[in-house]
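Notes to accompany the following structure.
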Protein chains: 2
Amino acid sequence: MNTVENRLIMTKTKNTKLSASLEDYIEAIFNLAGKDKTVRSTDIAKRLKVSKASVTGALRLLKERKLVNYKPYGLVTLTSPGRKAAADVARKHNILKSFMVNLLYVDLDTAQEAACRAEHTLGSDVIGKILAFIEFVTTGSRNGYDVAKEFKKFCKNKNIKTKMNA
Amino acid sequence: MNTVENRLIMTKTKNTKLSASLEDYIEAIFNLAGKDKTVRSTDIAKRLKVSKASVTGALRLLKERKLVNYKPYGLVTLTSPGRKAAADVARKHNILKSFMVNLLYVDLDTAQEAACRAEHTLGSDVIGKILAFIEFVTTGSRNGYDVAKEFKKFCKNKNIKTKMNA
DNA sequence: CATTATAGTTAGTTACGCCTAACTTTGTCA
DNA sequence: TGACAAAGTTAGGCGTAACTAACTATAATG
């Protein structure tokens, strides 16, 4: 539907979910802010390997949604809801990475990239379950049965390598 | 680079990876073909909940890549490489779904949708590991320790429900 | 403090993926 | 067999997300 009213609603603030790409931007800002406190446009561009112009565009959109404090030619900071949203994405990322590296024995680089892509597609329900599973496996009281370790053995026996076909 | 030569190369076949959306289309064709043998444009449109015009567009692109046999106003079939590509996507889908439903106890609908989205983002390496993990857990010789069942108990104790926040 | 390099923005383009509306083709049946 | 409905296509438009090229602002240094 492309009615006038709809377009007004859409352009005003847009309370819809963030796109994968905008999630990437806030996550990048979040991580950069954690490192060296001040975040500039170029830092984001470098990290995400996009042009500076793309960053400007994204920052405008994020500002519209009140997720970043942004003023042309100024430093970038996250607003409080922005930080919350970013932390959520980063959290998904870390849970997925941990799951892949520590339980599935996927190699770090592959896991890193896969987590980057999957973090946008899995809802909190699935992520929650994965987190619970990590916790379950990690918890000592498996009456002596270490799932991760046993799985590693299993893979070795079956000749399942870290890097696979395709 | 938008040189004339480049554009020629691009329009000729485009050997790059399929987009998520094109993967959805071949997967849909694959599944429909399995069910009632002949596949028409409308079937695809209904299944993917897109317009018939979008299907036409996708079929043109898939034909360019020689993944479907397609002729305006004709039936749609997969070529041999198309079938291979489709089967691969479907396989990922099933592995992910099985993992979520049978191990993580994610409810079926959520798993179905999450698998749909994640199947495009996870490489064969990660999928292979997940498959191995399913096999590992399913295999009887866990010296009496049923990982899935124990995890279910664990969730119950921790009050982790299928449907979670956000 | 003027110049200049760097950071950042704006404008304009391309590609993709969807949409609707209007047209064409196909097949069916009276 | 010819008219009509259903199936399918074409044309045109919108939003997103990237890009390059060219402009502007900021900062840093002699």
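Among the heavy atoms of the strands lying under 4.0 Å from B/S21 are primed sugar atoms or P, OP1, OP2 only; no base atom is included. B/T42 comes within 4.0 angstrom of the backbone, heavy atoms only, and of no base. Residue B/S41 is in sugar-phosphate contact alone, with no base atom involved, counting any heavy-atom pair closer than 4.0 Å across all strands shown. Backbone-only engagement by A/K49 is indicated by non-hydrogen atom pairs under 4.0 Å involving sugar-phosphate atoms exclusively.
Regarding A/D24, its CG atom lies at a distance of 10 Å from the P atom of D/dA17, rounded to whole Å. Put simply, NZ on B/K71 is 16 Å from C1' on D/dT9, counting in whole angstrom units. Separating the CG atom of B/L59 from the C1' atom of C/dC16 is a distance of 16 Å, rounded to the nearest angstrom. Atom NZ in B/K52 sits roughly 6 Å away from atom C1' in D/dA7 (whole-Å rounding). Counting to the nearest Å, the C1' atom of C/dG8 and the CG atom of A/D43 are 12 Å from each other. Between A/K46 atom NZ and C/dT6 atom P there is a gap of 11 Å when expressed in whole angstrom units. Straight-line distance from the CG atom of A/L75 to the P atom of C/dG8: 8 Å, rounded to whole Å. Distance B/L48 CG to C/dG17 C1': 13 Å, rounded to the nearest Å.
One N or O on the side chain of A/T79 and one on the backbone of A/K66 form a donor-acceptor pair closer than 3.5 Å. Side chain of A/N94 to main chain of A/A90: a donor-acceptor pair is present (N/O by atom type, distance under 3.5 Å, no hydrogens or angles).
Phosphate contact (OP1/OP2 of C/dC16, side-chain N/O of B/Y25, threshold under 4.0 Å): absent. Contact between the side-chain N/O atoms of A/R40 and the OP1/OP2 oxygens of D/dT26 is not found at any separation under 4.0 Å. At the phosphate of D/dA17, OP1 or OP2 sits under 4.0 Å from a side-chain N or O atom of A/S19. Between B/Y70 and D/dT9, a side-chain N or O to OP1/OP2 separation shorter than 4.0 Å is present. In this model, the phosphate group of C/dC19 is approached by a side-chain N or O of B/S51 to a distance below 4.0 Å at OP1 or OP2. Distances shorter than 4.0 Å separate none of the side-chain N or O atoms of A/Y73 from OP1 or OP2 on D/dC23. Residue A/S54 places at least one side-chain N or O under 4.0 Å from the OP1 or OP2 atom of D/dC19.
For the pair A/P72 and A/V50, both in contact range of DNA chain D, the more 5′-proximal nearest nucleotide belongs to A/V50.
Here the options are B/K17, B/K92, B/H93, B/H120, the test is side-chain hydrogen bond (donor to acceptor under 3.5 Å, both in side chains), and the partner is B/E23; only B/H120 passes.
Nearest heavy atom pair, residue A/L78 against residue A/N69, reads O-OD1, 3.7 Å.
The distance from the NZ atom of A/K129 to the CZ atom of B/F99 is 11.0 Å, given to the nearest 0.5 Å.
Out of C/dT10, D/dA18, C/dT9, the shortest distance to the side chain of A/R60 is found at C/dT10. Nearest nucleotide to the A/A53 side chain, out of D/dT26, D/dA17, C/dT10: C/dT10.
With sequence neighbours excluded, no residue forms a salt bridge (charged side-chain N to carboxylate O under 4.0 Å, His left out) with A/R83.
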